[in-house]
Amino acid sequence: MCYNTDSQFLIVQGGDKVTESEFHELMITVGYRYEKKSQSAFNSFEGFRTIIEFNKKDSKYSLRVKAGTDDISLLKQKLKSYADSHKNHVMKAKYADKYIRINIRMTIDSEIDKNELKQLVHFMTELFKSGTLVPLCSVCSRNRKTGLYIIGTELCAVCDKCLARKQRQYEIRRNRFVMKKQNMPLGLIGAVFGAFLGASVYILLYQFMPTFGMGGVMIIIPSFIGFVITGKRATVQSAVVCAVISWLIYILAEYTAIVANMAVLIERAGGGIAVSEAMEVINASFSDTSYLMPIIDEIIMGTIFMAITGGIYFLKRSLTRPFKISNNIL
């Protein structure tokens, strides 16, 4: 290992990215604890609740701490000085909305990252010792004693009053969610109506432009919406039922759209509007593989899009459920 003091580059031979377990172990050595669910290390020092997140997705380590100061210009100057002295690794060092936020770039060398994290911890400790900051609650921004709680998946420093308020809000949302009863018969009616509404739009658009399998999305979304409006509450069972209904109606809509397109072509050729004749032509054409395969491909694409839409729907449902609040992890 060698250093270039003029350019401030740290040149290291070899090395690998820091893994989550290595990050965990490193933060323990510098006085931090680790919370697996939020993938964050945390520390409590003189009332300051410092959180450093292991953000592998964005290739960075993200520090945040809620703190107040009477000398914002001095704090910003210290942050700028720190960022300038570590300019090859610090992505951001800002103070805004009473939050100190520092992002350290995740490199491909674990030794560099470990060194930068140790220096970051040392910098924050010295900053806290300077006496220019006061710890604040992350909710009300007041200088009150706080604990650390996992709210949903996020680690937060919250005072007792704000915690009590959030717990009441959670209980109200949870009770409202639990007490809401599902009406399956009305939900099915709404799902079928929504699916047929989407199918009607799809059949119409099919006559003017290629859809590339998007008919599945156009049918399943109004089916989900129809069920929720009339059935009052969606569940995993109802979502599966809606998906099956939507897929069956999608197959019917695909066939109807093709027949309608053929009927239009016959009418333009001077044969009048002959739906039955169009059906005979289409049914006979299904024996031709070269004609049938593009239709099958479109149905497959539509089915894939429906599956993706269903996955997004499940994700949305899980994210909109009331977030649980953990016990104080300090």
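Computation of the quantities below employed the complete heavy-atom set of this structure, encompassing side-chain atoms and omitting hydrogens, waters and symmetry-equivalent molecules. All values reported here derive from a predicted model rather than from experimental measurement. Sequential numbering from 1 along the given sequence is applied to the chain's residues.
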Show me, pair by pair, the donor-acceptor contacts under 3.5 angstrom made by side chains of residues 192-207, not counting sequence neighbours?
from : atom 1 : to   : atom 2 : distance (Å)
S200 : OG     : F196 : O      : 2.9
Y202 : OH     : E254 : OE1    : 2.4
Y202 : OH     : E298 : OE2    : 3.3
Q207 : OE1    : N261 : N      : 3.1
Q207 : NE2    : I203 : O      : 2.9
Q207 : NE2    : A257 : O      : 3.2

Once you round to the nearest 0.5 Å, how far does [atom1] of [X] lie from [atom2] of [Y]?
X	Y	atom1	atom2	result
L75	D70	CG	CG	11.0 Å
F123	Y82	CZ	OH	7.0 Å
L133	K98	CG	NZ	12.5 Å
L136	T69	CG	OG1	10.0 Å
I219	I251	CD1	CD1	9.0 Å
K78	I100	NZ	CD1	10.0 Å

Should [X] and [Y] be counted in the same cluster of Ile, Leu, Val, Met, Phe, Trp and Tyr side chains packed under 4.5 Å apart?
X	Y	result
L120	Y95	yes
M91	V121	no
L127	V134	no
M262	F208	no
L79	I72	yes

Strictly distance-based, threshold 3.5 Å: is any side-chain N or O of [X] a donor or acceptor partner for the main-chain N or O of [Y]?
X	Y	value
Q119	E116	no
N283	M279	yes
T230	L186	yes
E53	N55	no
S21	T19	no
S138	K66	no
S81	Q77	no

Practice task
Could you tell me whether the side chains of S73 and D71 share a donor-acceptor contact shorter than 3.5 Å?
Solution key: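 Short answer, yes.
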Problem - Exercise: do E20 and Y34 side chains pair donor with acceptor under 3.5 Å - result: yes
Taking all non-hydrogen atoms of both residues, which atom of [X] and which atom of [Y] are closest, and how far apart?
X	Y	result
I102	M124	CD1-SD, 3.9 Å
P135	E46	CG-O, 4.1 Å
A278	A263	CB-N, 3.7 Å
I295	Y291	CD1-CE2, 3.6 Å
A93	A83	CB-CB, 3.9 Å
P294	S290	CD-O, 3.2 Å

Do the non-hydrogen side-chain atoms of [X] and [Y] ever get within less than 4.5 Å of each other?
X	Y	result
K92	R101	yes
I104	K60	no
N103	D58	no
M27	V30	yes
E277	I266	yes
M106	V18	no
I52	Y32	yes
D113	F23	no

With sequence neighbours left out, write down each residue that passes side chain to side chain donor-acceptor pair (under 3.5 Å) with [X], or none if nothing qualifies.
X	answer
N327	none
N43	none
S59	none
N143	none

Handout entry: Heavy atoms of other groups near D288 CG, more than 12 under 6.0 Å
Key =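 Counting other residues, nucleotides and ligands, CG of D288 exceeds 12 neighbours.
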Handout entry: Criterion side-chain contact (heavy atoms from CB on, under 4.5 Å) on Y170 and I151, from CA distance to verdict
Key = CA-CA 10 Å; Y170 164 72; I151 301 177; over 6 Å; no
Exercise for the section: Walk me through it: do V65 and R49 pass the test side-chain contact (heavy atoms from CB on, under 4.5 Å)? Expected result: CA-CA 6 Å; V65 58; R49 316 304 189 191; 5.6 Å; no
Handout entry: Residues forming a salt bridge (charged side-chain N to carboxylate O under 4.0 Å, His left out) with K129, sequence neighbours excluded
Key =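 If we apply the salt bridge (charged side-chain N to carboxylate O under 4.0 Å, His left out) test to K129, skipping adjacent residues, there are no hits.
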Practice task
Keeping to residues at least two apart or across chains, list the salt bridge (charged side-chain N to carboxylate O under 4.0 Å, His left out) pairs with something in residues 137-156.
Solution key: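 Those involving residues 137-156 are R64-E154.
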Problem - Criterion side-chain contact (heavy atoms from CB on, under 4.5 Å) on Q237 and M184, from CA distance to verdict - result: CA-CA 10 Å; Q237 180 185 12; M184 180 62 80; 4.2 Å; yes
Practice task
Determine which pairs satisfy ring pair (Phe, Tyr, Trp, His ring centres under 6.0 Å) with at least one residue from residues 215-249, sequence neighbours left out, and list them in order.
Solution key: F224-Y313
Problem - Partners meeting side chain to side chain contact (heavy atoms under 4.5 Å, CB included) with L248 (sequence neighbours left out) - result: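 Side chain to side chain contact (heavy atoms under 4.5 Å, CB included) check on L248 returns V244.
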Practice task
Name all residues meeting the side chain to side chain contact (heavy atoms under 4.5 Å, CB included) criterion together with Q169; count only those two or more places apart in sequence or in a different chain, and write none if there are none.
Solution key: R165, K166, R173
Problem - Shared-cluster residues of V264, by chain and number - hydrophobic side chains joined below 4.5 Å - result: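 Other cluster members: none.
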Exercise for the section: Give me the other members of the hydrophobic cluster that L330 sits in, counting Ile, Leu, Val, Met, Phe, Trp and Tyr linked by side-chain heavy atoms under 4.5 Å, directly or via other members. Expected result: F42, I51, L148, I150, L155, I329
